[in-house]
Peer 1: 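Please see the structure below; I have some questions.
Owing to the predicted nature of the structure, the values given are computational and were not obtained by experimental measurement. Throughout, protein chains are lettered first and strands after them, A, B, ... in sequence-line order, and every chain is numbered starting at 1.
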Amino acid sequence: MTSDSERVNSLMSMLKRRGIIFPAFSIHGGIAGLFDYGPVGGRLLRKVQQQWREHWLSKGNIVEIDSPTITPETVLQASGHVSAFNDHASECNSCSAIFRSDHLVEEYQQNPDSLSGTQLDTILAENGISCPSCNKSDWAESRPMNLMFGTKIGATRGGRQAYMRPETAQGMFLTFPMIQRHFRNRLPYGAIQIGKGYRNEISPRQGMIRQREFNMAELEYFIDPNADASHDFSKWNEIDFQLIPDPIDGEQKPINIDIGTALTKNIVRHPTVAMFMAETFDFLIKIGADPSRIRFRQHESDEMAHYASDCWDLEMHGSYGWIECVGIAHRGCYDLGAHEEATGTKELRAWRDFDEPIEVDKEVVSAIGSVVGPAFRQQAGQVSQALSELETIPTAFPFDLDLNDGNVVSIDDSMVEVVRIQETIRGEWYLPHVVEPAFGLDRIIWHLLDHGYEMTSKEGEEYLILHLSESVAPYEVVVLPLFEKDGMGKIAKELQCKLLAINGIGVYYDGTRSIGRRYARADEIGVPWAITVDYESMADGTVTVRRRDDQSQIRISTDDLIHHLQSGSLASVF
RNA sequence: GCGGACGUGGUCUAGUGGUUAUGACUGUAGAUUCCCAAUCUGCAAACCCGGAUUCAACUUCCGGCGUCCGCACCA
């Protein structure tokens, strides 16, 4: 039995040795939290991205966009990231422990997030808050710790403050008007984006799990909160998901339950969230994750971002324990609302028709601009506003009108007229709600590697096999000449070219060293199929096909081989 | 960021104030009709970076960077 840390070390060595993943900039000393995907790993990443993309685009009402990673500060102020990612830290002068300042003062202060550094220091001092670690009360000046990478837009002095995006999601919110036009204003619809996100972690640990620059894939699915959101869950009736619900009272206990029932019992609180949990599960199975090592954990109320009404983490189990790999959050109308408020735009709303049009026939008081204007000058706007908000038509003049700013003005009958309004209101503009599944691709890839990595032995020697699903394996096929002579090498290379012509198939050629060694190399990077050209091939055009997972072999004609690779049915010949 | 351990070919490692710096695996050129890391003969490939001490530093000291563990931070 190998321990988790031995397993991690062995896997990491293999990943470096075989050009899958390695620490970036290593010849310059390396930078923690940054990684390269190598010649083999790059293909793996692309294939996972492509599977993810196709999984969602095949739903029919989801489109893909691509946004800049450099993001102006105002955007991230609106989204809340500037304050959320600008936490202050206080260091204890006595024992050097560091804590988040807002956590320290939260008993004494309502909204510690919004405080400045000096305000936090004052509260710490005035209340004599003591260090949780050593109990002394001797704090150094709090320091901001911004988890976003800052930059400036503009090559010369000045320039506009900007950050590398901490998530791709803002791109979907900001392009919402374009997405809405594309779908002819009919919700629900969604947009996906695959790209890099950046977080300037204080201390990245655990290899690929916490990086400073990482591959994200996010989906924003826009829905009408008033519309029926029910989904058909019958497809998942037979699958029990492992759920760890929010502990209303005390302990969090895992339960196994199918997703439809979980929704009926209100464990999962929204049908669209449930639907995305199930779809996310399907995606991970499709790319080869071990279903028994996937679970969903619901955020506790105090852990949940303030705008989210239900939030589930999908966790995958591996050598680092249970790790969050996907977050599925119901974000309400928080994001669109925040950008609307910051910019005043009206473009972030969707239209919904009422079931029954509302007939309006009423009398209202309306200011006569040519009189009110000269009479009240700069107050005129407020006067008009207050008049239009009157609930009853005044009968006697002059009367006193309360303005919103507290002032009172006198209105006489020359200033107003009573207008009869007759109109039909057919619907309204509203802020769509959004459900967001957010995937950390590097974490998922790590777990595919971890789940698929088999350390076994062959004739007393260690033998490594990477059981990757064919849907993500970096290379589908390797072509091997039994020997590189008597024309076998030439035939094998010709076969490689033929196979490469098949859409979506990656094929490499390996002609060095013994055949067993070449099988071993292919097993180690997870190539599902090894094709060997031997003497018989030269005589009758057949080749042997070896299956990675059980090392069994069959012989078929190259025409059959090509046919099966085209239709993805090679497994059926075994 | 704090404390501890560590840093030698692609990978894993041995070791020393003066060495031609171990060994294994991998890779590679060739031999062997060779289907599961066989064997044989060659070849290539390393002391994290900077400073100090010293006639001489891969080795000692200091600083940096990185890795791992614990705390904290983060998800």
Peer 1: Calculate the interatomic distance between A:L464 atom CG and B:rU26 atom P; express it in whole Å.
Peer 2: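 In whole Å, B:rU26 P and A:L464 CG are 12 Å from each other.
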Peer 1: Report the distance from atom CD1 of A:I444 to atom C1' of B:rA75, rounded to the nearest whole Å.
Peer 2: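 That distance rounds to 14 Å.
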Peer 1: Around atom NZ of A:K490, are there more than 12 heavy atoms from other residues, nucleotides or ligands closer than 6.0 Å?
Peer 2: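 Atom NZ in A:K490 is not crowded, with 12 or fewer foreign heavy atoms closer than 6.0 Å.
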Peer 1: Out of B:rU67, B:rC36, B:rC2, which has the shortest distance to the side chain of A:Y519?
Peer 2: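 Closest nucleotide to the A:Y519 side chain: B:rC36.
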Peer 1: Students often get this wrong, so: under 4.0 angstrom with heavy atoms, is A:E524 touching a base, only sugar-phosphate, or nothing?
Peer 2: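 Contact class for A:E524: base.
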Peer 1: Expressed in angstrom and rounded to an integer, what is the separation of A:I323 atom CD1 from B:rC74 atom P?
Peer 2: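 Going from A:I323 (CD1) to B:rC74 (P), I get 16 Å.
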Peer 1: Do any N or O atoms from the side chain of A:R513 and from the backbone of A:R518 form a donor-acceptor pair under 3.5 angstrom?
Peer 2: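 No.
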Peer 1: For a quick check of understanding: with a heavy-atom distance under 4.0 Å over all strands, which category does A:T532 fall into, base, sugar-phosphate or nothing?
Peer 2: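 Counting heavy atoms under 4.0 Å across all strands, the contact made by A:T532 includes a base.
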Peer 1: When you compare the side chains of A:T532 and A:Y519, does any donor N or O come within less than 3.5 Å of an acceptor on the partner?
Peer 2: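 A pair is found: one side chain offers a donor N or O, the other an acceptor, under 3.5 Å apart.
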Peer 1: Please find out if less than 6.0 Å separates the ring center of A:Y221 from that of A:W56.
Peer 2: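 Between A:Y221 and A:W56, the centre distance exceeds or equals 6.0 Å.
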Peer 1: Nearest nucleotide by nearest heavy atom, which residue falls closer to the 5' end of RNA chain B, A:G207 or A:E462?
Peer 2: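 Per heavy-atom nearest nucleotide, the more 5' residue is A:E462.
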Peer 1: At under 4.0 Å, does any side-chain N or O of A:R546 touch on OP1 or OP2 of B:rC36?
Peer 2: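 Negative; the distance criterion is not met.
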Peer 1: What is the ring orientation for A:F296 with A:W312, classed by angle as parallel under 30°, tilted 30 to 60°, or perpendicular over 60°?
Peer 2: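 Rings of A:F296 and A:W312: perpendicular, over 60°.
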Peer 1: From the list B:rU11, B:rA29, B:rA75, which nucleotide is the closest neighbour of the side chain of A:R199?
Peer 2: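 Nucleotide nearest to A:R199's side chain: B:rA75.
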Peer 1: A:F483 stacking on B:rC34: centroids under 5.5 Å, ring planes under 30°?
Peer 2: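 Stacking between A:F483 and B:rC34: present.
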Peer 1: Atom CG in A:L76, atom CD in A:Q161: separation rounded to 0.5 Å?
Peer 2: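 Answer rounded to 0.5 Å: 10.0 Å.
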Peer 1: With the side chain of A:S203 defined as its heavy atoms from C-beta on, choose the nearest nucleotide among B:rA75, B:rA72, B:rU33.
Peer 2: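 Selected nucleotide (nearest to the side chain): B:rA72.
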Peer 1: Using a heavy-atom cut-off of under 4.0 Å over every strand shown, decide if A:Q551 touches base, sugar-phosphate, or nothing.
Peer 2: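 Base contact.
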Peer 1: Just checking, is any N or O donor in the side chain of A:D550 or A:S552 under 3.5 Å from an acceptor N or O on the other one?
Peer 2: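 A:D550 vs A:S552: donor-acceptor pair found between side chains.
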Peer 1: Would you mind reading off the distance between A:E484 atom CD and B:rU33 atom P, rounded to a whole angstrom?
Peer 2: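 Rounded to whole Å, this separation is 16 Å.
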Peer 1: Looking at the side chain of A:R18, which of B:rC35, B:rA37, B:rC36 is the nearest nucleotide?
Peer 2: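 Nearest to the side chain of A:R18 among the choices is B:rA37.
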Peer 1: Could you run through nucleotides 42-48 of chain B and give me one letter per nucleotide, 5' to 3': B if any protein heavy atom sits under 4.0 Å from the base, S if only the sugar-phosphate is that close, - if neither?
Peer 2: -------
Peer 1: When you measure only distances, ignoring hydrogens and angles, does the side chain of A:Q553 come within 3.5 Å of the base of B:rC35 through a donor and an acceptor?
Peer 2: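 Between B:rC35 and A:Q553, which were checked side chain against base, a qualifying N/O pair under 3.5 Å is present.
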Peer 1: Rounded to whole Å, please give me the gap between CZ in A:R210 and P in B:rG1.
Peer 2: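 Checked: the CZ to P distance equals 14 Å.
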Peer 1: Taking the six-membered ring for Trp and the single ring otherwise, decide whether the centroids of A:Y163 and A:Y198 are under 6.0 Å apart.
Peer 2: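 No, too far apart.
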Peer 1: What about A:F241 and A:F281, are their ring centers closer than 6.0 Å?
Peer 2: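 Yes, they do, as the ring centres are separated by less than 6.0 Å.
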Peer 1: Return the nearest nucleotide to the side chain of A:R555; candidates are B:rC35, B:rC12, B:rA75.
Peer 2: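 Closest nucleotide to the A:R555 side chain: B:rC35.
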Peer 1: From the list B:rC34, B:rA75, B:rG70, which nucleotide is the closest neighbour of the side chain of A:E324?
Peer 2: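 Output: B:rA75.
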Peer 1: How would you label the contact of A:R513 with the nucleic acid (heavy atoms, under 4.0 Å): base, sugar-phosphate, or nothing?
Peer 2: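 Contact class for A:R513: base.
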Peer 1: Among B:rA75, B:rC36, B:rU11, which nucleotide sits nearest the side chain of A:S13?
Peer 2: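 Among B:rA75, B:rC36, B:rU11, the one nearest the side chain of A:S13 is B:rU11.
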Peer 1: When we call it a touch if two heavy atoms are under 4.0 Å apart, what does A:D534 touch: a base, just sugar-phosphate, or nothing?
Peer 2: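 Result for A:D534 = base.
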Peer 1: Quick check: on RNA chain B, is the nucleotide nearest A:G30 upstream (toward 5') of the one nearest A:E461, or the reverse? Name the residue that is more 5'.
Peer 2: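 Between the two, 5'-proximity favours A:E461.
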Peer 1: With C1' as the reference atom in both, quote the distance from B:rA5 to B:rG9 in angstrom, rounded to an integer.
Peer 2: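 Roughly 24 Å separates the two C1' atoms.
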Peer 1: Rounded to whole Å, how long is the line connecting atom CD of A:E536 with atom P of B:rU33?
Peer 2: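 About 19 Å, once rounded to whole Å.
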Peer 1: Of all the choices, B:rC36, B:rG27, B:rC73, which nucleotide is nearest to the side chain of A:R521 once you look at every atom?
Peer 2: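 The answer is B:rG27.
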Peer 1: Give one of base, sugar-phosphate or nothing for A:T544, where a contact means two heavy atoms less than 4.0 Å apart.
Peer 2: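 Base, at least one base atom sits under 4.0 Å.
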Peer 1: Does any N or O donor sit under 3.5 Å from an N or O acceptor when you compare the side chain of A:R17 with the base of B:rC12?
Peer 2: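 No pair found.
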Peer 1: May I ask you to decide if the ring planes of A:F439 and A:F283 are parallel, tilted or perpendicular, using 30° and 60° as cut-offs?
Peer 2: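 Ring orientation, 0 to 90° scale: perpendicular.
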Peer 1: Counting side-chain heavy atoms from C-beta on, which of B:rC73, B:rC35, B:rU26 comes nearest to A:L482?
Peer 2: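 Given the options B:rC73, B:rC35, B:rU26, the side chain of A:L482 is closest to B:rC35.
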Peer 1: Could you check how far CD of A:E6 sits from C1' of B:rC12, rounded to whole Å?
Peer 2: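 That distance rounds to 14 Å.
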Peer 1: Measuring from the side chain of A:L147 (C-beta onward, heavy atoms only), which nucleotide among B:rG66, B:rA37, B:rC74 has the closest atom?
Peer 2: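 When the side chain of A:L147 is considered, B:rC74 is the closest of B:rG66, B:rA37, B:rC74.
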Peer 1: Send over the distance from A:N9 CG to B:rC12 C1', rounded to a whole Å.
Peer 2: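 Taking CG of A:N9 and C1' of B:rC12, I get 11 Å after rounding.
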Peer 1: Check whether the side chain of A:T512 and the base of B:rA29 form a donor-acceptor pair under 3.5 Å.
Peer 2: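 It does not, because no donor-acceptor pair links the side chain of A:T512 to the base of B:rA29 below 3.5 Å.
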